[in-house]
Amino acid sequence: MDNMTLIVLLLILMGVAYQLGLTRSRAIARNTTGRMNSRPGYYGWLVALWCGLPALLVFILWTLLEPSVIRSVVLNQLPPEMADLTAQQADSLMRRLNDIASGYGVAGDPAAYEVAAAETLSRLRSIGELAKIAVMASLALAGLFLARGRIHADMRARNHVEKVINVGLLLCSGVAILTTVGIVFSMFGEAMRFFSFVPPTDFFFGTNWNPRFSSTGGNAYGDFGLLPLLWGTLMVSIIALLVAVPLGLMTAIFMAEYAPGWLRSFAKPVIEVLAGIPTIVYGVFALMVVGPFFSDLGALVGIQVRSTSALTAGFVMGVMIIPFVSSLSDDIITQVPQSLRDGSLGLGATKSETIRQVVLPAALPGIVGAFLLAASRAIGETMIVVLAAGNSPILHANPFEAVSTVTVTIVNQLTGDTDFASPQSLVAFALGLTLFVITLGLNVVALYIVRKYREQYD
Amino acid sequence: MKMVDPDVMVRRDDDRQSQRAASQGVKMSARDVKVFYGDNEAIKGIDLDIMENEVIAFIGPSGCGKSTFLRTLNRMNDTIENCRIEGKVTLDGEDIYDPSLDVVLLRAKVGMVFQKPNPFPKSIYDNIAYGPRLHGLAKRKYDLDEIVESSLRKAGLWEEVKDRLDRPGTGLSGGQQQRLCIARAIAVSPEVILMDEPCSALDPIATAKIEELIDELTESYTIAIVTHSMQQAARVSHRTAYFHLGELVEVNDTETVFTNPEHELTEAYITGRFG
């Protein structure tokens, strides 16, 4: 019986338990004069949970622990001359035993001790399977009948079920948090491995980026200087913000203060569509349309502009993040209490004076929060820069030249034929971690500012 | 059978009579004013004169249009979408709804204090200096300092805040904030001050201070005040106007309105039969 069938059977049993609890509680309700503590459905749920949850818990633990238990038993049975295997040797031996036990066979004749161990392995497996089913079935049935027997009029079934729901919700939110923590830890581990090849000072303060591919041989790893990439990221992001902040903020002011209702209800969703366009589409647009346009424009005024440059990528990215700035700022400007506007207008201020001197200062913390969120979005953006920034990891300050960013480099280092144990690949984790820390920092600051602002007017 | 203690009402009656005798000119006047929100007629033709240097109180049950009428006097209703105004309102004989009139200048002459204290998120100094700066009332920093100090003094707030003018106005207590808003309105030297339930968010002590302040302000300003508290109307106003369902039912000397109302609706309201 495979695990899927087991789970399905357990679910069916839980359904039965629900019905049993339901009918039982109804019967009790008929025979008691007072009110039942809870409605019948809750008793049904309680019985079903008692039936299903302990068995499920055993199932999970068993599935997790069984392989390692079996492995240690099998390895202990090996003849004494095989006693001191290294972990790697043990792993490959277990693979061989698995193949023998499953009847798949191995290359060459298996040794006598291997055949014996494989037999133990398959015997233990079938015993384990049976034992698992037996334990689960008895737990499920015991839970079912115990819970059903305990049903009485005063039992607080609602409260118990409520508690289980609470725990369930807690576990769900825990998954998201644990995933984040897990990602950080795994990146951290890999990044540490990278730093065993390249000293952190060379990485964080190096000004050259030239990671020779491992196939070129030798022990020379090349240069892994972060600064050109970080500078490229910064330059592209700053250009993006220079585009998005004024446009987005003006849009927000227009939407919140001037636009009549019908225009607002039509234009706001249209602007937000900008955020929904896949970034690869933006990238293609940048590469095919915006880049050549800037190049021609530059030729017209006598500046040499590469068609894939920091300017191209930054401009298109700026267009992409306009809705982040405008939508958030719009919400925040709308939240500024009307009483402040009235106060200013009542003193004889014009509308634009009111907006400049009262509304915007009041909304400023929230607007800064919106800028920072947009900035962290720009820093993490990949597809547009892959296509339009030109991928040239050289430290220079000319926005009309090609640059490379942290995200682009991660893509480059991990695509193609790579050896995942080499510093050329591992550097991606160090880069990713750096990026993560930067955007995390920006987000934390942004959220802090936004929250502090909210406290003021709610 | 009257709810209001006559002693409270007639406290300063003698002063008032003499003051008003001195200046009986009409400051603002409304003729057949109607206000519509969409198709709903919120105010149905009101005629009312507001005399110079008087305090006139607008009372009436919720939704009777008293606040709406107050807001027509400095065109604050302009900011509300769907709001349409008919009729004629004049300030010193000039039609304030005349298209050639600058609404910004009108609001500098007819200031407003709102129901909830609404100091700007700026320092106390900047709150007061806001209006004078907009209208260019001070040429030098020194003049501006003068205006700020005298406005705060008139609002009775100077002693409490003179050492912390650079602190945010939002950090003051509710009553102080409301006096700050009054000082802010005074700072642009208006001729008329409109007050829309200025004490409804304040405790009794802060309310008493504001009422005292209103009394002092009548020397130099004309004040129209909307209030839900009949005692307050009785204490601070010279004349009282009773509004009911968008109509002006009765306007008379405060004493007359509270002791001998002409209209039975007024009597029903001030004796607490509805409201």
Side-chain angles (χ1 to χ4, degrees), chain A residues 249 253-268 329-370 448-458, chain B residues 67 70-71 73-82 102-123 126-137 168-171 177-178 180-190 192-196 201:
Chain A
L249 190 57
I253 291 173
F254 176 71
M255 286 293 163
E257 299 284 342
Y258 290 99
W262 61 269
L263 182 61
R264 182 181 156 90
S265 63
F266 161 78
K268 216 180 163 203
S329 308
D330 181 352
D331 291 346
I332 286 156
I333 291 173
T334 320
Q335 271 181 32
V336 171
Q338 182 63 31
S339 66
L340 285 185
R341 293 187 188 89
D342 283 350
S344 171
L345 294 172
L347 286 169
T350 63
K351 192 156 188 171
S352 77
E353 282 167 343
T354 301
I355 291 168
R356 262 181 299 148
Q357 303 198 23
V358 174
V359 177
L360 286 186
L364 193 65
I367 292 175
V368 170
Y448 173 77
I449 293 175
V450 169
R451 190 172 306 159
K452 204 171 166 197
Y453 164 77
R454 291 241 160 92
E455 282 166 1
Q456 222 176 331
Y457 290 115
D458 276 354
Chain B
S67 287
L70 189 77
R71 290 168 67 97
L73 297 180
N74 73 341
R75 294 183 56 176
M76 281 305 282
N77 284 331
D78 290 12
T79 60
I80 298 170
E81 260 180 78
N82 297 329
D102 186 356
V103 67
V104 163
L105 293 182
L106 168 72
R107 289 184 188 147
K109 281 192 207 162
V110 183
M112 190 152 192
V113 175
F114 296 84
Q115 187 169 356
K116 240 183 82 190
N118 57 350
F120 302 135
K122 300 168 179 285
S123 71
D126 287 338
N127 260 285
I128 308 292
Y130 183 79
R133 277 181 183 145
L134 285 178
H135 300 294
L137 297 185
T170 44
Q177 286 189 10
Q178 193 62 298
L180 180 69
C181 293
I182 292 175
R184 191 173 70 185
I186 295 171
V188 290
S189 328
V192 181
I193 302 176
L194 309 176
M195 297 187 174
D196 189 356

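Residue numbers begin at 1 in each chain, while the letters A, B, ... track the order of the sequences.
- Exactly one of B/Val103, B/Asp102, B/Val104, B/Leu134 qualifies for a side chain to side chain contact (heavy atoms under 4.5 Å, CB included) with A/Thr350. That residue is B/Val104.
- A 6.0 Å sphere centred on NZ of A/Lys268 holds more than 12 heavy atoms belonging to other residues, nucleotides or ligands.
- With sequence neighbours excluded, no residue forms a side-chain contact (heavy atoms from CB on, under 4.5 Å) with B/Ser189.
- Note on B/Arg184, B/Arg71, B/Arg107: by heavy-atom pairs under 4.5 Å with chain A, the leading option is B/Arg107.
- For a residue to count as touching a neighbouring chain, one of its non-hydrogen atoms must lie under 4.5 Å from one of that chain's; by this rule B/Pro119 touches chain A with the backbone only.
- Contact of B/Val113 with chain A is not made at all, since no heavy-atom distance falls under 4.5 Å.
- The two atoms that bring A/Thr354 and B/Tyr130 nearest to each other are CA-OH, 3.9 Å, heavy atoms only.
- Separation of atoms CZ (B/Phe114) and CG (A/Asp342) is listed at 4.5 Å; rounding is to 0.5 Å.
- The two residues B/Asn118 and A/Leu340 come nearest to each other via the heavy atoms O-CD2, 3.7 Å.
- Ranked by heavy-atom pairs shorter than 4.5 Å toward chain A, the options B/Lys122, B/Met112, B/Lys109 are led by B/Lys122.
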